[in-house]
K.L.:
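Before anything else, here's the structure in question.
As the structure lists them, so they are numbered: ligands from 1, and atoms in each ligand from 1. Values below: all heavy atoms of this structure, side chains included; hydrogens, waters and symmetry mates excluded.
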Amino acid sequence: MIKVLKGMKDRYFEDIRKYDYIIDSAKNVFSKYGFEKIITPIVEETELFERGVGEETDVVSKEMYTFLDKAGRSITMRPEGTAGVVRAYLQAGLYKSDPAVKWFYYGPMYRYEAPQKGRYREFHQVGVEAFGVRDPFADAEIIKMGCEFLETAGIKNLTVEINSLGNSSSRQRYTVELKKFIEERLDKLCDNCKTRYKKNPLRVLDCKSEACQEQYKNAPVLKDYLDEESSTYYEELKKYLELLEVNYVENYRLVRGLDYYSDTVFEIKSENLGAQSTVLAGGRYDKLLEILGDIQMPGIGFAAGTERIALLMDESLMKEEEKPVYVVYFPETKEYALNIIKILRENDIKVDFDYGMKSFKSQMKKAGKLNSKYVIILGEDEKNENKAVLKNFDTGEQGKLEIEKVIERVNGDV
Ligand code: HAM
């Protein structure tokens, strides 16, 4: 038997109910903040991610699903949503007419990672991107919106971590110092860090090797290299977060795994997720539009993994699904039943029944299994009188009624 690919999952029943609940919560919260939906393709030119996310990142260098299409072009299944949304923004030319755009999106992403709890090769993100504004108040509001979204899913005990990666000149001064620090202990680092630090020293700080992390404990921190503009921006961000009553902790070692960030970065974490503790993460990317489109335009956003949210969410918040009314019939009343079912559905009643000719007992059993509140029984007497027996499973009450009365009773109740 052919099975689903490693690190991927079929989703049905409960998983779908949770996914829909998460998406509905996202739509409700994001639309309150003026965000509109965007859909971009799942595959993009490989170069978009190489240039946008950064060739030195784990995501691009190790984890992409990249292949040649029939015309020999290198294309990639998107590992994240930001690069595609930025491409769409640039391609639509919105920066010329109406640069302040706020978009949200959701859908599958692909990363060839070692699967574990909360980490899959196909996963789903809900994300937002806001273009055209560079103001710490916007950053604070986006972080607040992320918290509100997770709260609507009933997730508690979350920690918001923030940091500043500074503007490019602050980062340049910092990387000179960081490089020196790394060179002093090069022999104790893994092969990956040994080569990676030359092109992108910041990236080594999120190396997964414990031995490397031990070495980086006393590495210089970016915060001490922020210039006045970046450090004022960061101080203002904290002020606005306090104003919006967002509890946060500062994590000077938070660098994020993607290259496009500058100034504000943040992650929302949960203790209940094990190693993959980050539920929602994002930051500002004021140079990304220049890298991809030669346009000077600021941007900020975040994304959250729906699988991680589903592991943490409070399921009791999900509304009980409306159960179908179950129609029970007999061989002699099949055609009568099909007509009644049609009328019920025309009156917005959710109906289920068995196509195969099962016994009365097994049809009633199926109704019980589906948790139907009402059963409609259509026997020969009912057919002759153009009526139906309506049984309320909750109360045990039952009676023979005209079809209009059945509709009234069921619709009045649901
Ligand atoms: P990211 O930190 O790579 O950021 O991913 C964001 C979130 O996606 C993670 O916090 C996690 O919940 C989920 N996630 C990532 N990888 C996996 C995986 N293999 N399995 C399950 N869930 C996963 C980004 O993707 C940025 N595009 C976020 C952003 C938007 N920054 C600015 N705008």
K.L.:
Check whether S362 reaches the backbone of K358 with its side chain - one donor and one acceptor, N or O, closer than 3.5 Å.
P.N.:
no
K.L.:
Pick whichever of R111, E113, R308, R284 has a heavy atom sitting closest to atom 19 (N) of ligand 1.
P.N.:
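Looking at heavy atoms only, E113 sits closest to atom 19 (N) of ligand 1.
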K.L.:
For atom 24 (C) of ligand 1, tell me which residue out of V265, L258, L288 has the closest non-hydrogen atom.
P.N.:
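Residue with the shortest heavy-atom distance to the ligand atom: L258.
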K.L.:
Identify which of G305, G118, G81 has a heavy atom lying nearest to atom 21 (C) of ligand 1.
P.N.:
G118
K.L.:
Before signing off on this row, confirm whether V279 and ligand 1 have an N or O atom pair separated by under 3.5 Å.
P.N.:
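By distance alone, the answer is yes.
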K.L.:
Treating R78 as the side-chain partner and I42 as the backbone partner, does any N or O pair qualify as donor plus acceptor under 3.5 Å?
P.N.:
no
K.L.:
Between E307 and R11 (salt bridge meaning N to carboxylate O under 4.0 Å), is one present in this structure?
P.N.:
yes
K.L.:
Which part of Y260 is near ligand 1, with near meaning a heavy atom under 4.0 Å away: side chain, backbone, both or neither?
P.N.:
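For Y260, only side-chain atoms sit under 4.0 Å from ligand 1.
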K.L.:
May I have all residue pairs that pass ring-ring contact (aromatic ring centres under 6.0 Å, His included) and include part of residues 179-238, sequence neighbours excluded?
P.N.:
Y174-Y225
K.L.:
By number and element, which atoms of ligand 1 are closer than 4.0 Å to a non-hydrogen atom of F123?
P.N.:
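Numbered from 1, ligand 1 contributes 14 (N), 15 (C), 16 (N), 17 (C), 18 (C), 19 (N), 20 (N), 21 (C), 22 (N), 23 (C).
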K.L.:
Mark up the atoms of ligand 1 that fall under 4.0 Å of a heavy atom belonging to G282, in ascending order.
P.N.:
31 (N)
K.L.:
Y112 and E63: side-chain hydrogen bond (donor to acceptor under 3.5 Å, both in side chains), yes or no, with the steps?
P.N.:
CA-CA 4 Å; Y112 199 85; E63 298 167 0; over 6 Å; no
K.L.:
Hey, does E307 come in under 3.5 Å of ligand 1, counting only N/O atoms on both sides?
P.N.:
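Between E307 and ligand 1 (N or O atoms, distance only) the closest approach is not under 3.5 Å.
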K.L.:
Could you point out which residue of L241, I142, D139 forms a side chain to side chain contact (heavy atoms under 4.5 Å, CB included) with F266?
P.N.:
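Exactly one candidate clears the test, I142.
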K.L.:
Counting only heavy atoms not in D348, do more than 12 fall under 6.0 Å of its CG?
P.N.:
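Open: at most 12 neighbouring heavy atoms sit under 6.0 Å from CG of D348.
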K.L.:
If you round to the nearest 0.5 Å, how far is CG of L317 from OG1 of T152?
P.N.:
8.5 Å
K.L.:
Side chain of R121, backbone of E113: donor and acceptor closer than 3.5 Å?
P.N.:
yes
K.L.:
Does only the side chain of Y285 get under 4.0 Å from ligand 1, or the backbone, or both, or neither? Count heavy atoms.
P.N.:
side chain
K.L.:
Could you list which atoms of ligand 1 come closer than 4.0 Å to a heavy atom of T82?
P.N.:
26 (C), 27 (N), 29 (C), 30 (C), 31 (N), 32 (C), 33 (N)
K.L.:
List every atom of ligand 1 that sits less than 4.0 Å from any heavy atom of E80, numbering the atoms from 1 in the order shown and giving each element.
P.N.:
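Those of ligand 1 that fall under 4.0 Å from E80 are 25 (O), 26 (C), 27 (N).
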K.L.:
Select one of side chain, backbone, both or neither to describe which atoms of M109 lie under 4.0 Å from any atom of ligand 1, heavy atoms only.
P.N.:
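Looking at M109 and ligand 1, no heavy atom falls under 4.0 Å.
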K.L.:
Considering only heavy atoms of Y261, which atoms of ligand 1 have at least one such atom less than 4.0 Å away?
P.N.:
26 (C), 28 (C), 29 (C), 31 (N), 32 (C)
K.L.:
Is it the side chain (CB and beyond), the backbone, both or neither of E267 that lies under 4.0 Å from ligand 1, heavy atoms counted?
P.N.:
neither
K.L.:
Checking the N or O distance criterion of under 3.5 Å, is ligand 1 in contact with Y105?
P.N.:
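No, there is no polar N/O contact under 3.5 Å.
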K.L.:
Taking only residues at least two apart or on different chains, which pairs with a member in residues 121-159 satisfy ring-ring contact (aromatic ring centres under 6.0 Å, His included)?
P.N.:
Y19-H124, F30-F149, Y89-F131, F137-Y240
K.L.:
Is it true that a side-chain atom of Y329 and a backbone atom of D354 form a donor plus acceptor pair closer than 3.5 Å?
P.N.:
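Here the side-chain-to-backbone pair exists.
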K.L.:
Examine the proximity of ligand 1 to E129 and report which part, side chain or backbone, both or neither, has a heavy atom under 4.0 Å away.
P.N.:
side chain
K.L.:
Below 4.0 Å, non-hydrogen atoms only: which portion of R119 touches ligand 1? Side chain, backbone, both or neither.
P.N.:
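R119 to ligand 1: contacts from backbone and side chain alike.
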